Each structure stands twice: as structure tokens, then as C-alpha cells.
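Got a structure for you, questions after.
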Amino acid sequence: DAGVIQSPRHEVTEMGQEVTLRCKPISGHNSLFWYRQTMMRGLELLIYFNNNVPIDDSGMPEDRFSAKMPNASFSTLKIQPSEPRDSAVYFCASSFRASGTSTDTQYFGPGTRLTVL
Amino acid sequence: KQEVTQIPAALSVPEGENLVLNCSFTDSAIYNLQWFRQDPGKGLTSLLLIQSSQREQTSGRLNASLDKSSGRSTLYIAASQPGDSATYLCAVWVGANSKLTFGKGITLSVRP
């Protein structure tokens, strides 16, 4: 298995531009997570999906951020318009299940390093 | 709100030393606790997962313990090697809505 695939690996854009990050989870996994990592705040959960349905988006910082999962093998995280404070590494992770009693491990992608100038 | 703390933020040790990485969390009502490893420029890799009913888990030279009542976990690395140099993150699984809350990690450097 190729693991969780993210694209692009690096993105440099100017303030105000739209940014779309992409993720392909591991085949057979039913849960997908988007995280953001910064030096100041560490790793934060933005949103997660179960069976393509958004379950918890309380970590999405503001309306400029949106995420979709149109099918079991693809998800996008979009920032529109982007701002310099959005600069961070964005990780996608997937697991077989995500429930209150789950012991399933999350598998992380390599991340997308976003720089907004 | 659950908070996970890892102190110190960085640690440097000579090769061969046994070491302990600490993690503390504020709310003991967790479902499980996980330790992850992150190499520079890479994603996270799960090392060990301890369920709330367990006290410890072992994998090779790694041993993780959990004391829910005191809100603490430790990751023990035996006979450290330069290849162990990485950032180690602790995370707790909280609530029925399945959210992992992470500490900021401890960056470990093992000197040859």
C-alpha cells in the first residue's frame, strides 16, 4: 500500500489566493482527518470525516477554510482567501474507524507545507 | 478542555543511554493514549497505543506506560541510538467524537 498520499508537497502562494490541498486515504479506511501543525500551536485537528461525512469541524479556524470528501478515496481542504497566518504544514491522516472506543491507529501522510506570502 | 503537555521540548543524550520521555494530560477520562514519532519533513508514525484499561505497551526497545489517575504517561527508550533522533509526540483520544489531542512533542537528539 502506498500509504496516505498528499499533494502538493509544497505550496507557495500570495495572500488572497485560493489554495487547495488534496488527500488520498489508505484504501479501505473509513475515517479521514485533516490536521494543521505550527511551531506555536503544535498539531491541531481541523476536521474529520466518517464514511465521507463530516463529523467534527470545530477545529476549522474560520469560514475561509472548507473541506470536502466527495468519495472514499479523495478529500480536499480549501482556503479562500489565504492569509499569511495560514502558513503551516497540513497533514491528512486516515484510519479504519474513528469511534469513542476505537483503538485504530491513524496513518499520516507526508504533509503539505504551505507558505502564504 | 483536554491539554497535553510534554516537557522538556528538547533533549540531547549520548548514544547507549536509557531515557524516559514524559507526557501529562489534564483530563483523565481518556479512551487511549498514543505515542508517535515524527522525522523532519515527514508525517507522524504511530509507535505505541495504550488503551485506557491497560498500564503499558512494549515494542522492541520502546515501552510506554499509562497512569490515568495521575494523568501521566512515559515513553522509555532503551539503549538509545542515533537513529532514534526525532520528535516524539504524545496524544490522547478523548470523547465519543473521537478526537486526538496532541502534545507539542519532545525533540530528541542522540549523539554518536
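Chain A is the first sequence line, chain B the second, and so forth, proteins listed ahead of strands; every chain is numbered from 1. No experiment lies behind these values; they were computed from the predicted model shown.
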(request) Look at atom CZ of B:R61 and say whether more than 12 heavy atoms of other residues, nucleotides or ligands are closer to it than 6.0 Å. (result) yes
(message) Heavy atom to heavy atom, less than 4.5 Å: which residues from residues 67-79 of chain B reach chain A?
(response) none
(request) Would you please name every residue forming a ring-ring contact (aromatic ring centres under 6.0 Å, His included) with A:Y90, sequence neighbours left out? (result) none
(message) Could you measure the distance from the CG atom of B:L100 to the OH atom of A:Y35? Nearest 0.5 Å is fine.
(response) 4.5 Å
(request) Would you give the length of the straight line joining atom OG1 of A:T105 to atom CG of B:N32, rounded to the nearest 0.5 angstrom? (result) 8.5 Å
(request) Considering non-hydrogen atoms only, spot the tightest contact between B:F36 and A:Q106 and give its length. (result) CE2-O, 4.0 Å
(request) Please look at A:R41 and chain B and tell me whether the side chain, the backbone, both or neither of the residue comes under 4.5 angstrom of a heavy atom of that chain. (result) backbone
(request) Assess whether atom CG of A:D63 is packed by more than 12 heavy atoms of other residues, nucleotides or ligands within 6.0 Å. (result) no
(message) Membership question, hydrophobic clusters at under 4.5 Å side-chain separation (ILVMFWY): are A:F74 and A:M69 in the same one?
(response) no
(request) First locate atom CD of B:Q38, then atom CD of A:Q37, and finally report the distance between them rounded to the nearest 0.5 Å. (result) 4.5 Å
(request) Report the distance from atom CG of B:L44 to atom OH of A:Y107, rounding to the nearest 0.5 Å. (result) 13.5 Å
(message) Membership question, hydrophobic clusters at under 4.5 Å side-chain separation (ILVMFWY): are A:L117 and A:L21 in the same one?
(response) no
(request) Check the hydrophobic clustering (I, L, V, M, F, W, Y; side-chain heavy atoms under 4.5 Å; chains of links allowed) and say if A:M15 and A:F65 are grouped together. (result) yes
(request) Following the transitive rule for hydrophobic clusters with a side-chain heavy-atom cut-off under 4.5 Å over Ile, Leu, Val, Met, Phe, Trp and Tyr, establish whether A:I5 and A:Y48 coincide in one cluster. (result) no
(message) So for atom CZ, which belongs to A:R113, do other residues, nucleotides or ligands contribute more than 12 heavy atoms lying within a distance under 6.0 Å?
(response) no
(message) Taking A:M39's backbone N and O only, do any of them form a donor-acceptor pair with B:K104's side chain (distance below 3.5 Å, no angle check)?
(response) no
(request) Flag yes if more than 12 heavy atoms outside A:E83 fall under 6.0 Å of its CD atom; otherwise flag no. (result) yes
